[in-house]
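Below is one structure, written out as structure tokens; comments come after it.
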Amino acid sequence: MPEGHTVHRSAKQFADAFLGKPVRVDSPQGRFSASAKLIDGQPLKRARAVGKQLFLEFENGYTLRIHLGIYGKWRWHTGLELPAPIGEVRARFWAAAKGDSGLRVAELRGPTACELLSPEQVAAAKQKLGPDPIHPDPRAEELGRFISRIQKSKKAIGLLLMDQTVVSGIGNVYRAELLFRAGLNPMTPGNALTKEALTTLWADAVKLLAVGVRTGVMITRDEYLRKDPGKANRHFVYKREGQPCRVCATPVSIAILAGRKLYWCANCQTG
């Protein structure tokens, strides 16, 4: 499942390709056809990501909310003609590309959600989402919401970090790596964590997700934050079960928590 940094990069792609332009929209698959007609030909006013959800705002007041989920993905094209859709394309967007390169086309496949919302529905949808570390508020309001929502819960911090109503944009990779970097046992109840520990955890999420937006990959080891070391060396514990911890050499543990694989070091993460 794409994590928050990927969706923020998609928002930038949409802004670069379509912002201020009349965007043609259709649904080759047919399931989005009625809604596509309501925004077909409308200029794109804004493209914004909140955590794992993309919001595309059009001039006529409609906003398209897209959540890729586990199976959703984007496919982009640039060419002189609109290509024939391949596979089950839920929604397709296109407009004139810059220069003489023809059209810029985005195809959406397999999303969990693809729906048009009114301004009131958009506000309600965003209100349900937790604070997004990629857009930290300089007044620390998001930090306060993050701390409050975790400290009010008896659930394990390993569960809470994956709850998009608690914090937006963190998925399985960032969950494992943030907890390792903080030295926190993933089974620790949220209400047992101090304000200081959660402030440090939030600041690290802000730091690491910004790296993900900039580089397009999830790099969580400080010595590599400015240069991708390759897939095998990007992480401390994620998908390294049974291998020696990079800090203490203890074999990395794995468990299933709420249907998702959880990775941690039982020696380093005792806090």
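The analysis underlying the following values was restricted to heavy atoms, covering all of them including side chains, and did not include hydrogens, waters or symmetry mates.
- You'll find the side chain of Leu68 reaches within 4.5 Å of the side chain of Trp74, heavy atoms only.
- The shortest distance between side-chain heavy atoms of Gln53 and Val7 does not fall below 4.5 Å.
- Taking every heavy atom of both residues into account, Gln151 and Lys195 meet most closely at NE2-N, 3.4 Å.
- Rounded to the nearest 0.5 Å, atoms CG (Leu56) and CG (Leu64) are 5.0 Å apart.
- Rounded to the nearest 0.5 angstrom, Arg221 CZ and Leu208 CG are separated by 13.0 Å.
- When the shell of 6.0 Å around CD of Glu223 is examined, it contains more than 12 heavy atoms from other residues, nucleotides or ligands.
- You'll find the side chain of Pro133 reaches within 4.5 Å of the side chain of Trp202, heavy atoms only.
- Between Arg65 and Glu115 there is a salt bridge, since at least one side-chain N of the basic residue sits less than 4.0 Å from a carboxylate O of the acidic one.
- A 4.5 Å side-chain heavy-atom check between His5 and Arg214 finds every atom pair outside the cut-off.
- Looking at Thr188, its side chain does come within 3.5 Å of a backbone N or O of Asn185 through a donor-acceptor pair.
- Shown here is Lys21, whose NZ atom has more than 12 heavy atoms of other residues, nucleotides or ligands within 6.0 Å.
- The shortest heavy-atom contact between Ile39 and Leu116 is CG2-CD2, 3.8 Å.
- One finds a salt bridge joining Arg109 and Glu107 here, because a Lys/Arg side-chain nitrogen approaches an Asp/Glu carboxylate oxygen to under 4.0 Å.
- When the options Ser10, Cys114, Ser27 are evaluated for a side-chain contact (heavy atoms from CB on, under 4.5 Å) with Leu108, the one that passes is Cys114.
- Nearest heavy-atom pair, Lys45 versus Leu19, reported as atom, atom and distance to 0.1 Å: O-CD1, 3.3 Å.
- We find the CZ-CG distance between Phe32 and Leu38 to be 8.5 Å, quoted to the nearest 0.5 Å.
- Between the side chain of Arg240 and the main chain of Pro244, a donor-acceptor pair closer than 3.5 Å is present.
- Using modelled atom types, one finds a donor on one side chain and an acceptor on the other under 3.5 Å when comparing Glu88 with Gln29.
- For the pair Asn267 (side chain) and Thr250 (backbone), a donor-acceptor distance under 3.5 Å is absent.
- Minimum interatomic distance between Cys248 and Cys265 (heavy atoms only, all atoms of both residues): SG-SG, 3.6 Å.
- Atom CG of Leu159 is separated from atom CG of Leu262 by 8.5 Å, given to the nearest 0.5 angstrom.
- Rounding to the nearest 0.5 Å gives a distance of 8.5 Å between CD of Glu59 and CG of Leu44.
- Looking at heavy atoms from C-beta onward, Trp94 lies in side-chain contact with Leu82 at the 4.5 angstrom threshold.
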Please test Phe180 against His235 for ring-ring contact (aromatic ring centres under 6.0 Å, His included), starting from the C-alpha separation and ending with a verdict.
CA-CA 10 Å; Phe180 177 84; His235 308 130; over 10 Å; no

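- The side chain to side chain donor-acceptor pair (under 3.5 Å) test with Arg234 singles out one residue from Thr220, Thr215, Asp228, and that residue is Asp228.
- Side chains of Val213 and Lys12 form no contact here, defined as non-hydrogen atoms less than 4.5 Å apart.
- In summary, Arg104 and Asp16 do not engage in a salt bridge, as defined by a charged side-chain N under 4.0 Å from a carboxylate O.
- Judged by the 6.0 Å and 45° rule, Lys126 forms a cation-pi pair with Phe55.
- Leu179 has its side chain within reach of Gln269: a pair of non-hydrogen atoms, C-beta onward, lies under 4.5 Å apart.
- Contact check for Val23 versus Gln42: no side-chain heavy atoms found under the 4.5 Å cut-off.
- Checked by atom type and distance alone, the side chain of Asp204 never pairs as donor or acceptor with a backbone atom of Leu178 at under 3.5 Å.
- Among Trp76, Phe14, Phe18, the one residue that satisfies the ring pair (Phe, Tyr, Trp, His ring centres under 6.0 Å) test with Phe93 is Phe14.
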